[in-house]
Every structure is written in C-alpha cells, then in structure tokens.
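Each remark here refers to the structure printed beneath this line.
On a predicted model such as this, the values are computed, not experimentally measured, just so you know.
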Amino acid sequence: MDEDVLNMSIRKFLKQVGVTSQRAIEAVVRDGAVSGERLHVRMTLTAEGTDLNHVVEGDIRLS
C-alpha cells in the first residue's frame, strides 16, 4: 500500500463529499423545507465489503 496514494485518494473523496453535501443542504434550506433556527444533520459513512459504519451528527445554524 502506498500511503501517499491512499491519502490523496481519501482527500479527493472527502472533498467531493463536502462540496456535494453543502450543495444539498443549501438546496433544502433554500427550498423552505426547513423550519426553525437549526438543522440537525447526520452523515453515515459505510464501505462496501467492510463493517465500517461511521456516523457524524451535528447542528447547522440557520440564523
């Protein structure tokens, strides 16, 4: 395994996840589907063929 290749590949994937997730969150807020001052979000990361199940939760302030 090449650590540098792995690191760059993970970073590329996480950048794609971050950008597309931000766009999806902005769209749901812009469409008025969210009420209140906070949006509770949960991201679940799984990897096919493994037992990886990593969950990250948080709140996004809207005002």
Side-chain angles (χ1 to χ4, degrees):
M1 177 179 62
D2 186 323
E3 292 288 332
D4 289 333
V5 171
L6 174 62
N7 189 359
M8 291 303 295
S9 185
I10 291 171
R11 287 175 180 261
K12 181 179 179 182
F13 172 74
L14 291 175
K15 183 176 181 180
Q16 180 182 5
V17 168
V19 170
T20 58
S21 297
Q22 181 174 348
R23 289 179 182 157
I25 292 167
E26 289 172 346
V28 76
V29 171
R30 206 174 18 253
D31 291 346
V34 179
S35 61
E37 295 182 9
R38 294 182 185 271
L39 175 64
H40 186 77
V41 293
R42 177 183 306 114
M43 180 71 70
T44 303
L45 175 66
T46 61
E48 192 172 314
T50 74
D51 62 353
L52 177 63
N53 185 30
H54 179 72
V55 179
V56 178
E57 292 188 59
D59 290 316
I60 297 173
R61 293 184 346 191
L62 303 175
S63 59

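The main-chain N or O of G18 is never found under 3.5 Å from a side-chain atom of S21 such that the two would form a donor-acceptor pair.
Pairs engaging residues 23-33 under the side chain to side chain donor-acceptor pair (under 3.5 Å) rule: Q22-E26 [sequence neighbours left out]. Among residues at least two apart or in separate chains, side chain to side chain donor-acceptor pair (under 3.5 Å) pairs with a member in residues 9-20 are N7-R11. Listed by first and then second residue, the salt bridge (charged side-chain N to carboxylate O under 4.0 Å, His left out) pairs involving residues 40-52 are R42-E57 (not counting sequence neighbours).
Using a 4.5 Å cut-off between side-chain heavy atoms of Ile, Leu, Val, Met, Phe, Trp and Tyr, L52 falls into a hydrophobic cluster with M1, L6, I10, F13, L14, V17, M43, L45. Under a 4.5 Å side-chain heavy-atom cut-off, the cluster of Ile, Leu, Val, Met, Phe, Trp and Tyr residues that includes V56 has no other member.
Rounded to the nearest 0.5 Å, atoms CD1 (I25) and CD1 (I60) are 3.5 Å apart.
The side-chain hydrogen bond (donor to acceptor under 3.5 Å, both in side chains) check on D59 picks up H40, with sequence neighbours excluded.
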